[in-house]
2 protein chains.
Amino acid sequence: MPQNGSLPLYQQISELLIRDIAAGRLTDGARLAPERDMAAGMGIAVGTLRKALADLTTKGLLERVQGSGNYIRAKTEVDSVYALFRLELPGGGGLPTAEVLSVARLAKPADLPPFGTSAEAHRIRRLRRLSGAAAAVEEIWLDGSYIDRIAAEDLSESLYLFYRERLGLWIQRAEDQVGLGAVPGWAPDAFAPPSGTAAPLIERLSWAQDGTTAEFSRTWFDPKTARYVARIR
Amino acid sequence: MPQNGSLPLYQQISELLIRDIAAGRLTDGARLAPERDMAAGMGIAVGTLRKALADLTTKGLLERVQGSGNYIRAKTEVDSVYALFRLELPGGGGLPTAEVLSVARLAKPADLPPFGTSAEAHRIRRLRRLSGAAAAVEEIWLDGSYIDRIAAEDLSESLYLFYRERLGLWIQRAEDQVGLGAVPGWAPDAFAPPSGTAAPLIERLSWAQDGTTAEFSRTWFDPKTARYVARIR
DNA sequence: GGTCCAAATTGATACACTATTGATCTACAT
DNA sequence: ATGTAGATCAATAGTGTATCAATTTGGACC
């Protein structure tokens, strides 16, 4: 007693082409054979093929050029430079800004997890605000192999944008561990929780596009001003 | 084909199909056989089958397309029932287990965010362990519309599996907010941080497949035993 | 370089037929 | 009242076939 029926033809064709794209058999920019020929080759009507191609177009995987042909458009997703930012106001949202407190190139302290290839790293300390409210203090360690010197003026609002544009470094994935820590002694007065008090602590290890670990950071946030938010789907 | 039972036929059919979806025999996007054929195969009338399919549609598990067919619409999360579990040992990993502390059906307290349609909810309290170590205590509020009564014996190790198999409820996405809270008074002695002390607090709102908010939960974890882990890519 | 034109190709439309769900009705059982 | 069976017809989707409009492109020519 089978519950399964078969998908409509046009959906089967659409899925078949999507699979070809995913498998790399059809790459970005490639031109498909003329519709008349494709349909004949598949043993279906042009109208049916066109319905499948329209589906692909809707999905952003195909560009159809009248008089010219059908072209694959399979770009990797564009990501916002704030895609990796995870702090929000307790009610949600909040415009993130960053104020650099200090920048230094130092020998890597022993208490950091292993990352990068250099024995030295750049330590960047910042105060993070959400819609103007001091929400967190963070200490970022970027492996020394990417650049010799960083000056505070070099840094853009978004560190990851700076990495990308100036260092050719693309942070592609990260792992956060949220626990509890103590507010560090160098935290500025603008950060409400006093030095030494318990504060949620985010420890992040970040990986570059070539698979190497590039950066380690610690972020202490004020639980009255911010929440670490994760959306799971 | 369906056994004689106390439930109406159309509900038995509905549950049978839900079980097929839960077991992965019917996957998202799949098309069911034509109603005429399905009904004949089950030995029931098309009208009865249609009533069952209407139930599935209401639950967000089916899309019925006039002239085309019936399509499964159940995006299952990753196969693992632990896909939504976010606590790990400080060194990473850890086998999660759960011990039910209490179950009760209560009027929704005023301090919960809005969720579900009922004025009542089931409150489930559990102790979570990671590889045997008491890592967290959690209080889950499931909207009362899904089931009248829950007994502690009803609950499986994974609450989400219970939801899926027994209630036809798919938790499809969730939002976690991690901040700081105080260990609740009902926490058992096995949980190391004493009642009232500061502990990281995860507040989670969960959505079902039909778009409704179904569940709210609070989880206090021991920062010496566990970390909230988010992997971003 | 520009212009023109034929060929190639997709865009749009129409018609016909089949398959399938949507809607409605009657009848019977509990 | 609800549940179940059975039937009929309306409406929609899918598929095939065909035709013509509109756009692009390459090549010839100046």
Side-chain angles (χ1 to χ4, degrees), chain A residues 1-18 20-21 26 28-74, chain B residues 1-18 20-21 26-74 148 168 210:
Chain A
M1 191 203 59
Q3 321 281 35
N4 284 10
S6 56
L7 286 179
L9 255 194
Y10 81 95
Q11 279 187 25
Q12 291 180 42
I13 303 296
S14 178
E15 287 193 1
L16 184 146
L17 290 170
I18 289 173
D20 279 350
I21 293 168
L26 290 174
D28 189 52
R31 179 176 175 278
L32 297 183
E35 298 173 353
R36 189 186 63 240
D37 297 345
M38 268 183 89
M42 290 171 166
I44 60 174
V46 171
T48 303
L49 175 63
R50 284 179 171 177
K51 212 163 155 52
L53 297 178
D55 183 57
L56 282 195
T57 305
T58 300
K59 288 183 163 77
L61 293 173
L62 193 72
E63 184 188 13
R64 312 186 68 187
V65 182
Q66 181 175 342
S68 177
N70 296 311
Y71 301 87
I72 301 295
R73 291 284 174 262
Chain B
M1 178 339 277
Q3 59 274 46
N4 291 338
S6 54
L7 281 183
L9 208 44
Y10 80 94
Q11 279 187 18
Q12 292 179 44
I13 304 293
S14 178
E15 289 193 359
L16 183 146
L17 290 170
I18 289 173
D20 278 351
I21 294 168
L26 291 175
T27 57
D28 187 53
R31 178 176 173 273
L32 296 183
E35 297 172 355
R36 189 186 61 240
D37 297 345
M38 271 183 84
M42 291 171 166
I44 61 174
V46 171
T48 303
L49 175 64
R50 283 180 172 178
K51 210 160 156 48
L53 297 178
D55 183 57
L56 283 195
T57 305
T58 300
K59 288 185 161 73
L61 294 172
L62 194 72
E63 182 187 15
R64 312 187 69 188
V65 182
Q66 179 177 342
S68 179
N70 296 309
Y71 298 86
I72 301 295
R73 291 284 176 260
D148 278 341
D210 62 2

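Chain identifiers are assigned alphabetically (A, B, ...) following the order of the sequence lines, protein sequences preceding nucleic acid strands; residue numbering begins at 1 within each chain.
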*Using atom CD1 of A:Ile13 as one end and atom P of D:dT15 as the other, report the distance to the nearest whole Å.*
9 Å
_Ion pair check, B:Lys59 and B:Asp55, cut-off under 4.0 Å_ = yes
_Show the nearest heavy-atom pair for residues A:Asp28 and A:Arg73, with the distance to one decimal._
OD1-CA, 3.2 Å
*Heavy atoms only: give me the nearest A:Ala52-A:Ser14 pair and the separation to one decimal.*
CB-N, 3.9 Å
*Could you check which residues of residues 46-55 of chain B get a heavy atom under 4.0 Å from DNA chain C? Sort them by number, please.*
B:Arg50
_What is the first contacted nucleotide of DNA chain C and what is the last, in 5' to 3' order, if contact means an atom lying under 4.0 angstrom from a heavy atom of chain A?_
C:dA8 to C:dA12
*Grab the CZ-C1' distance between A:Arg36 and D:dT19 for me, whole Å please.*
15 Å
*Heavy-atom pair with the smallest gap, counting every atom of B:Arg36 and B:Val46*: CA-CG2, 4.1 Å
*asked:* Can you tell me if A:Ser68 touches the phosphate of D:dT23, counting only side-chain N or O atoms and a distance under 4.0 Å to OP1 or OP2?
replied: no
*Locate the shortest heavy-atom distance separating A:Tyr10 from A:Thr48; write the atom from each residue and the value.*
CB-O, 3.8 Å
*Rounded off to whole Å, could you give me the CD-to-C1' distance for the A:Gln12 and D:dT15 pair?*
13 Å
*asked:* In this structure, how many angstroms lie between the P atom of D:dA13 and the OH atom of B:Tyr71, rounded?
replied: 11 Å
*asked:* Let's go through B:Ile44 and B:Ile13 carefully: what are the C-alpha distance in whole Å and the side-chain angles of both, what is the deciding distance for side chain to side chain contact (heavy atoms under 4.5 Å, CB included) to 0.1 Å, and is it a yes or a no?
replied: CA-CA 10 Å; B:Ile44 61 174; B:Ile13 304 293; 4.0 Å; yes
*asked:* Using the rule side-chain hydrogen bond (donor to acceptor under 3.5 Å, both in side chains), only one of A:Arg31, A:Glu35, A:Glu63 pairs with A:Asn70; which is it?
replied: A:Glu35
*Closest-nucleotide ordering on DNA chain D, the 5'-leading residue of A:Ala45 and B:Val65*: B:Val65
_Could you tell me how far apart B:Tyr10 (OH) and D:dT2 (C1') are, to the nearest whole angstrom?_
9 Å
*asked:* Between B:Gln66 and A:Gly67, which residue's closest nucleotide on DNA chain C lies nearer the 5′ terminus?
replied: A:Gly67
_Show the nearest heavy-atom pair for residues B:Thr27 and B:Ile72, with the distance to one decimal._
O-CB, 3.4 Å
*At their closest point, which heavy atom of A:Leu17 faces which heavy atom of A:Met38, and how far apart are they?*
CD2-CE, 4.3 Å
